[in-house]
J.: 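If you scroll down you'll find the structure; I have some questions about it.
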Amino acid sequence: MAENVDVIITEVALRDGSHAVAHQFTVEQVTAVARALNDAKVPYIEVSHGDGLGGSTLQYGLSKVNQFELIKAAVDVCDYSKISVLLLPGIGTVEDLEKAHTIGANMVRVATHVTEADISKQHIENA
């Protein structure tokens with residue numbers, strides 16, 4: 001028999017879902033979705049460009065709104081949910097991570113390939 005285990009959800013529609021809308025989320029859209037997820041008691045809401053912090057580039061697609069404005073908008077309407085960000089070393093920087101934390105992000109997912117583990121160390125240690 002399986003043991004009962006806690007499941008902790010990180011909702012990623014406000015990050016990964018931005019790919020589907022060419023990274024064109026507005027502050028109003030992020031606010032509405034974050035508020036609804038907060039009301040639903042979702043523990044973590046991931047907000048940033050689809051390719052994570054620093055992803056708004058010609059190569060990955062330009063965001064309609066600066067990622068930090070979107071993160072701050074989500075932080076401002078959440079009193080239960082914690083706001084998370086994604087950081088891909090080589091795209092996002094330690095400075096991006098520090099700025100996200102300063103405006104209220106409480107968690108980061110550092111996504112890396114095993115071949116890049118050496119450059120990810122600084123991001124993980126900083127987080």
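In this chain, numbering begins with 1 at the start of the sequence shown.
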J.: What pair of heavy atoms forms the shortest contact from E11 to L37, and how long is it?
T.: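 Where E11 meets L37 most closely, the heavy atoms are CG-CD1, 3.4 Å.
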J.: To the nearest 0.5 angstrom, please state how far the CD1 atom of I71 sits from the CZ atom of R15.
T.: 12.0 Å
J.: Please confirm whether the backbone N or O of V27 pairs with a side-chain atom of Q29, one donor and one acceptor, at under 3.5 Å?
T.: no
J.: Is there side-chain contact between Q59 and D51, with at least one heavy-atom pair below 4.5 Å?
T.: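 SC-SC contact between Q59 and D51 ruled out.
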J.: When you check the gap from the basic side-chain N to the acidic O, do K99 and E95 get nearer than 4.0 Å?
T.: no
J.: Nearest 0.5 Å, please: how far is OG in S48 from CG in L86?
T.: 5.5 Å
J.: Among the clusters formed by ILVMFWY side chains lying less than 4.5 Å apart, do V47 and V42 turn up in the same one?
T.: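 In one cluster with V47: V42, yes.
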J.: Is V65 reachable from I83 through a run of hydrophobic residues whose side-chain heavy atoms are each under 4.5 Å from the next?
T.: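 Yes: a chain of side-chain contacts under 4.5 Å links I83 to V65.
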J.: Mark yes when over 12 heavy atoms from residues, nucleotides or ligands other than I9 sit less than 6.0 Å from its CD1; otherwise mark no.
T.: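 Atom CD1 in I9 is not packed in, count stays at 12 or less.
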J.: Are I124 and L97 co-members of a hydrophobic cluster defined by side-chain heavy atoms under 4.5 Å apart?
T.: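 They do share one cluster, since a chain of ILVMFWY contacts under 4.5 Å joins L97 to I124.
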J.: Can you tell me which residue pairs pass the side chain to side chain donor-acceptor pair (under 3.5 Å) test with a partner in residues 72-91, sequence neighbours excluded?
T.: N38-D79, K72-D76
J.: Please name all residues satisfying side-chain contact (heavy atoms from CB on, under 4.5 Å) with H101, sequence neighbours left out, ordered by chain then number.
T.: none
J.: Considering all heavy atoms of both residues, which atom of H49 and which atom of S63 are nearest to each other, and what is their separation?
T.: CD2-OG, 3.1 Å
J.: Would the distance check show the side chain of H123 and the main-chain N or O of L88 forming a donor-acceptor pair, the cut-off being under 3.5 Å?
T.: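 Checking the backbone N and O of L88 against the side chain of H123, no donor-acceptor pair under 3.5 Å is found.
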J.: With no hydrogens and no angle check, just 3.5 Å: does a side-chain donor-acceptor pair link S18 and H23?
T.: yes
J.: Would you mind reporting whether V30 and T26 have side-chain heavy atoms less than 4.5 Å apart?
T.: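 T26 does not reach V30 side chain to side chain.
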J.: Tell me whether E98 contacts the main-chain N or O of A127 through its side chain, where contact means a donor paired with an acceptor under 3.5 Å.
T.: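 It does not hold such a pair.
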J.: Under a 4.5 Å cut-off applied to non-hydrogen side-chain atoms, are T10 and M107 in contact?
T.: yes
J.: Distance check, rounded to the nearest 0.5 Å: K121 atom NZ versus D118 atom CG?
T.: 10.0 Å
J.: Does any part of the side chain of C78, heavy atoms only, come nearer than 4.5 Å to the side chain of I45, both counted from C-beta?
T.: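 They are in contact (side-chain heavy atoms under 4.5 Å apart), so the answer is yes.
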J.: How about Q67 and L53: do any of their side-chain heavy atoms sit closer than 4.5 Å?
T.: yes
J.: In terms of hydrophobic clustering (I, L, V, M, F, W, Y; side-chain heavy atoms under 4.5 Å; direct or indirect links), are V33 and L70 co-clustered?
T.: yes
J.: Is there a path of hydrophobic side-chain contacts, each under 4.5 Å between heavy atoms of I/L/V/M/F/W/Y residues, joining L14 to F68?
T.: yes
J.: Tell me the closest heavy-atom pair linking V75 and A105, and the distance in Å.
T.: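 Of all heavy-atom pairs spanning V75 and A105, the closest is CG2-N, 4.2 Å.
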